[in-house]
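A short write-up of the structure that comes next.
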Amino acid sequence: MAESQIRIGFVPEHFSTPIYFAQKYFGLDAKLIPFPSGTGHMITAIRAGEIDIGIGLTEAWVAGLGKEDTPGDGGYRIVGTYVETPLCWAISTGAKRPEITSVDSLKGSKIGISRLGSGSQVMGYVLADQQGWLSSSPDSSAPYSDFVVLQNFANLRAAVNDGTADFFMWEHFTSKRYYDSGAIRRVGEIYTPWSSWKIVASTALLTAGEQGKPYPRLMDVFAKLDQGVQYFEAHKDEAVEYISTALDYSAEDAREWLTTVRFSSKTEGVDIKVIMKCINILQKAGVLKEVDAAKTELMAEEMLVKGLAAQFPA
């Protein structure tokens with residue numbers, strides 16, 4: 001790999017604030033590339049060699065590596081933990097969709113998603129599993145009539161109002177401004193049963209360093225992100241100012257979000273138990289093929305990189 005500036009994909013929402021601080025105050029030497037359409041788009045980009053590192057949603061990264069049709073070596077490995085807390089996915093429909101009264105009324109409807117393989121699609125299956133809409137019977141109907149690919153949040157909002165889709169799921173605080181304005185209507189919510197954001201590195205990046213040792217530029221990214229997180233924790237007022245001026249949130253919502261989120265103080269490494277739990281739930285939800293416990297553990301190990309901190313706890 002050429003020694004060019006490292007390219008980091010991220011979602012330009014409130015969760016990106018420590019990344020911004022890492023670059024502004026601690027010299028994170030990286031080209032930050034926004035992916036407003038989310039983690040599914042980052043998976044495509046990292047496999048195409050367009051980014052070296054991605055910071056996105058746990059369930060999308062795990063599903064991307066766990067599916068039977070994963071191309072080649074998968075293109076990336078899960079190497080770090082960015083956010084320790086679960087994500088609250090808000091379930092939304094159009095402002096004037098009186099036929100949609102509750103989560104129960106969404107069975108068999110059209111779900112809007114950003115991309116195939118995105119968190120917005122994966123969590124659709126998790127929702128269906130929690131609601132009892134999935135069946136192992138080959139004759140049973142699918143939980144939704146269609147997955148409508150809409151690329152980004154703006155298109156999703158438009159689609160539930162014009163009938164292209166019936167509902168979609170997106171992060172709570174990103175959606176809240178549009179509830180407050182009356183543009184869309186909240187139907188319910190669902191939390192991820194795992195810590196919500198992970199860091200991945202391309203397999204090209206991981207094999208670029210000295211054999212058997214972590215790529216030094218990846219380790220530098222971890223160090224700078226740790227500093228960005230520490231600064232974020234110590235400067236909440238500045239975080240609110242940034243989120244409410246540079247991003248699409250009110251100061252009030254930014255402050256409320258701060259009470260719900262906990263970033264990882266050490267971004268290097270992943271607890272394999274978190275990945276195994278995610279795999280197990282995605283298997284139950286029908287996103288991944290069910291296998292026995294030994295194969296599930298092996299699948300989890302193959303998604304990670306041995307030698308990074310906290311990767312394989314005792």
Is the distance from the ring center of F173 to that of F15 below 6.0 Å?
no
Closest contact, heavy atoms only, R77 versus L304
CD-O, 3.9 Å
Within the distance-only criterion (no hydrogens, no angle test), does the side chain of Q131 pair as donor or acceptor with the backbone N or O of D104 below 3.5 angstrom?
no
Working to the nearest 0.5 angstrom, can you tell me the gap between L288 CG and C278 SG?
8.0 Å
Checking M299 against T296 for the side-chain contact (heavy atoms from CB on, under 4.5 Å) test, could you report, in this order, the C-alpha distance in whole Å, the side-chain angles of both residues, the deciding distance, and whether it holds?
CA-CA 5 Å; M299 183 189 301; T296 295; 5.5 Å; no
Does any N or O in the side chain of T70 come within less than 3.5 Å of the main-chain N or O of G64, such that one atom is a donor and the other an acceptor?
yes
Taking it one step at a time, do Y242 and F232 satisfy ring-ring contact (aromatic ring centres under 6.0 Å, His included)?
CA-CA 11 Å; Y242 171 72; F232 170 89; over 10 Å; no
Look only at the side chain of T39 and the backbone of L57, and say whether a donor-acceptor pair between them is shorter than 3.5 Å.
yes
Is there a continuous path of hydrophobic side-chain contacts, each under 4.5 Å between heavy atoms, that joins Y178 to L247?
no
Shortest non-hydrogen contact from I51 toward G54:
CD1-CA, 4.4 Å
Interatomic spacing from CD1 in I190 to CG in L127 - rounded to 0.5 Å:
4.5 Å
Is it the case that atom CD in E50 sees more than 12 heavy atoms from other parts of the structure closer than 6.0 Å?
yes
Checking side-chain contact (heavy atoms from CB on, under 4.5 Å) for the pair I275/V62: CA distance, chi angles, key distance, verdict?
CA-CA 7 Å; I275 303 303; V62 171; 4.1 Å; yes
What orientation do H14 and W257 show, parallel under 30°, tilted 30 to 60°, or perpendicular over 60°?
tilted
Apply the test side-chain contact (heavy atoms from CB on, under 4.5 Å) to residues N161 and K96: give CA-CA distance (whole Å), side-chain angles for both, the deciding distance (0.1 Å), then the verdict.
CA-CA 7 Å; N161 280 305; K96 298 178 180 178; 5.7 Å; no
So that I know where these two stand, are Y144 and F167 an aromatic pair - ring centroids less than 6.0 Å apart?
yes
Just checking, any donor-acceptor pair under 3.5 angstrom between side chains of S196 and Y82?
no
For D237, look at atom CG and say whether over 12 heavy atoms of other residues, nucleotides or ligands are found less than 6.0 Å away.
no
Starting at CG of D248, measure out to NZ of K176 and round the result to the nearest 0.5 Å.
12.5 Å
Do R186 and S175 have side-chain heavy atoms sitting under 4.5 Å apart?
no
Look only at the side chain of W61 and the backbone of K198, and say whether a donor-acceptor pair between them is shorter than 3.5 Å.
yes
For the residue pair V79 and F222, what are the closest heavy atoms and their distance?
O-CZ, 3.5 Å
Is it the case that over 12 heavy atoms from other parts of the model lie below 6.0 angstrom from the NZ atom of K284?
no
Do the side chains of K67 and D69 get close enough for a salt bridge, i.e. N-O under 4.0 angstrom?
no
Counting N and O atoms only, with roles assigned by atom type, does the side chain of R115 sit under 3.5 Å from a partner on the main chain of T44, one being a donor and the other an acceptor?
no
Is D146 reaching over with its side chain to a backbone N or O of V148, donor-acceptor style, under 3.5 angstrom?
no
Taking all atoms of both residues into account, what is the closest heavy-atom pair of L218 and I53, and its distance?
CD1-CD1, 3.8 Å
How close do P34 and P12 get, heavy atom to heavy atom, and via which atoms?
CB-CG, 4.0 Å
Is it the case that one hydrophobic cluster holds both W89 and L106, taking links as side-chain heavy atoms less than 4.5 Å apart, direct or via other members?
yes
How long is the straight-line distance from CG of D220 back to CG of L225, given to the nearest 0.5 Å?
9.5 Å
Can you find a pair of side-chain heavy atoms, one from L156 and one from I113, that are under 4.5 Å apart?
no
K236/E233 ion pair, N-O < 4.0 Å:
yes
How far does CD1 of I6 sit from OG of S202, to the nearest 0.5 angstrom?
8.0 Å
When you look at R157 and F168, which way does the side-chain contact (heavy atoms from CB on, under 4.5 Å) test go after all the steps?
CA-CA 8 Å; R157 298 195 308 270; F168 70 89; 4.1 Å; yes
Determine whether a donor-acceptor pair (N or O, by modelled atom type, separation under 3.5 Å) exists between the side chain of N280 and the backbone of M276.
yes
So, E13 versus W170: side-chain donor-acceptor pair below 3.5 Å or not?
yes
Close side-chain approach of C88 to Y191, heavy-atom, < 4.5 Å
yes
Minimum heavy-atom separation for P143 to A128, with atom names?
CB-CB, 3.6 Å
Verdict with supporting geometry, W197 and F263, ring-ring contact (aromatic ring centres under 6.0 Å, His included)
CA-CA 9 Å; W197 293 74; F263 287 88; 8.6 Å; no
Compare all side-chain heavy atoms of I281 with those of K277 and state whether any distance is below 4.5 angstrom.
yes
Please round to the nearest 0.5 Å and tell me the distance separating atom CZ of R97 and atom CZ of R185.
9.0 Å
Verify the cluster assignment for L150 and L116: are they in a single hydrophobic cluster under the rule of side-chain heavy atoms below 4.5 Å apart?
no
Using a 3.5 Å distance criterion without hydrogens, assess whether the side chain of D52 forms a donor-acceptor pair with backbone atoms of R7.
yes
Counting distance only, does the side-chain N/O of S250 pair as donor-acceptor with the main-chain N or O of D253 below 3.5 Å?
yes
Any donor and acceptor pair, going by atom type alone, linking the side chain of T267 with main-chain N or O of G80 inside 3.5 Å?
no
